[in-house]
Amino acid sequence: GAVVSQHPSRVICKSGTSVKIECRSLDFQATTMFWYRQFPKQSLMLMATSNEGSKATYEQGVEKDKFLINHASLTLSTLTVTSAHPEDSSFYICSARDPTGVVEQFFGPGTRLTVL
Amino acid sequence: AQSVTQLGSHVSVSEGALVLLRCNYSSSVPPYLFWYVQYPNQGLQLLLKYTTGATLVKGINGFEAEFKKSETSFHLTKPSAHMSDAAEYFCAVSSVSGGGADGLTFGKGTHLIIQP
């Protein structure tokens, strides 16, 4: 089956630093990936759509200069949280669009970011 | 614009009893509907999905859901609850644009508690 991995699974950083999260499709090519954010005990919110070889499309209210997305290859998308602050602490989950079908997405296991 | 409403942030049932988790959606286009399960500190696992065709959809672990267009509902059921079903359940809706499925819009989630 289609597998999506994320690295790291957990990261703790100091306020003001930048953190990069990787999302990889392990056994398929993904031209489109999605990034979601989940605050404690809340639902997932779509942050942006990442398209290989082009600029990401951000949802309303998401700062593109703070959450940098790069989709440089068909198997890798990265999310960089720049100048992180405690309010950025969250669970970040990526997904990759099913290349064989139309509807389904395959989710990564998530990255827990804690900003001190 | 799309939205999902899950009635009841917490649902408690006895082991062996019927599980019913409610989901209503709004969408300006024919929706694609999903139910996901999330265990603590983990990513999402797809339980089932509705795209087109048969409105009663069967998923993994004995779960099923019925798409009712007239009621804009997609409620999740399981005839007999098991202790291992205790988790967070999310209903989600998506549409499809030119390149495939769009990012998902999630409900706020329902925490399912199984009483022994």
*Asks:* Can B/L104 and A/L44 be said to form a side chain to side chain contact (heavy atoms under 4.5 Å, CB included), step by step?
*Replies:* CA-CA 9 Å; B/L104 293 166; A/L44 286 81; over 6 Å; no
*Asks:* In terms of heavy-atom pairs under 4.5 Å with chain A, which of B/G107, B/S9, B/A92 leads?
*Replies:*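 Looking at each option in turn, the highest pair count goes to B/G107.
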*Asks:* Could you check whether atom CZ of A/R112 has more than 12 heavy atoms from other residues, nucleotides or ligands sitting under 6.0 Å from it?
*Replies:*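 Check passes, neighbour count above 12.
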*Asks:* Just how far is it from atom CG of B/L44 to atom CD of A/Q105, taken to the nearest 0.5 Å?
*Replies:*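 Here the interatomic distance stands at 10.0 Å.
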*Asks:* If I measure from the heavy atoms of chain B, does A/I93 come under 4.5 Å with its side chain, its backbone, both, or neither?
*Replies:*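 For A/I93, the side chain is the part near chain B, not the backbone.
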*Asks:* Quick check on A/Q38 against chain B: is it the side chain, the backbone, both or neither that has a heavy atom closer than 4.5 Å?
*Replies:*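 Contact with chain B involves the side chain of A/Q38 alone.
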*Asks:* Got a sec: does the NZ of B/K58 have more than 12 other heavy atoms crowding it under 6.0 Å?
*Replies:*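 No.
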*Asks:* Are B/L76 and B/M83 connected in a single hydrophobic cluster, I mean Ile/Leu/Val/Met/Phe/Trp/Tyr linked by side-chain heavy atoms less than 4.5 Å apart?
*Replies:*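 Shared cluster, yes.
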*Asks:* Out of curiosity, does A/M33 fall in the hydrophobic cluster containing A/M45 (side-chain heavy atoms, cut-off under 4.5 Å, transitive links)?
*Replies:*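 Looking at the clustering, A/M33 is in a separate group from A/M45.
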*Asks:* For the backbone of B/G109 and the side chain of A/S43, can you confirm whether one donor and one acceptor N or O come within less than 3.5 Å of each other?
*Replies:*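 Pair absent, no side-chain N/O of A/S43 close to backbone of B/G109.
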*Asks:* Please say yes or no: joined through hydrophobic side-chain contacts below 4.5 Å, possibly via intermediate residues, are A/M47 and A/V11 part of one cluster?
*Replies:*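 A/M47 clusters together with A/V11.
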*Asks:* Check the hydrophobic clustering (I, L, V, M, F, W, Y; side-chain heavy atoms under 4.5 Å; chains of links allowed) and say if B/L47 and B/V57 are grouped together.
*Replies:*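 Linked within one cluster.
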*Asks:* If you round to the nearest 0.5 Å, how far is CG of B/D102 from CG of A/L46?
*Replies:*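 Here the rounded value is 9.0 Å.
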*Asks:* Let me know if A/Y36 has heavy atoms under 4.5 Å from chain B in its side chain, its backbone, both or neither.
*Replies:*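 The side chain, not the backbone.
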*Asks:* Is the number of heavy atoms from other residues, nucleotides or ligands under 6.0 Å of A/H85 NE2 greater than 12?
*Replies:*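 Result for NE2/A/H85: enclosed.
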*Asks:* Within this structure, what is the CD-OH distance for the pair A/E104 and B/Y32, rounded to the nearest 0.5 Å?
*Replies:*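 Output value for this atom pair is 13.0 Å.
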*Asks:* Check whether B/W35 and B/V11 end up in the same hydrophobic cluster, where Ile, Leu, Val, Met, Phe, Trp and Tyr are linked by side-chain heavy atoms less than 4.5 Å apart.
*Replies:*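 Yes, it is one cluster - the side chains of B/W35 and B/V11 are joined through contacts under 4.5 Å.
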*Asks:* Does any heavy atom of chain A fall under 4.5 Å from the side chain of B/Q38, the backbone, both, or neither of them?
*Replies:*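 Looking at B/Q38, just its side chain touches chain A.
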*Asks:* Identify the heavy atoms of A/F34 and B/G103 that sit nearest to each other, and give their distance.
*Replies:*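 Smallest interatomic distance, heavy atoms only, reads CE2-N, 3.2 Å.
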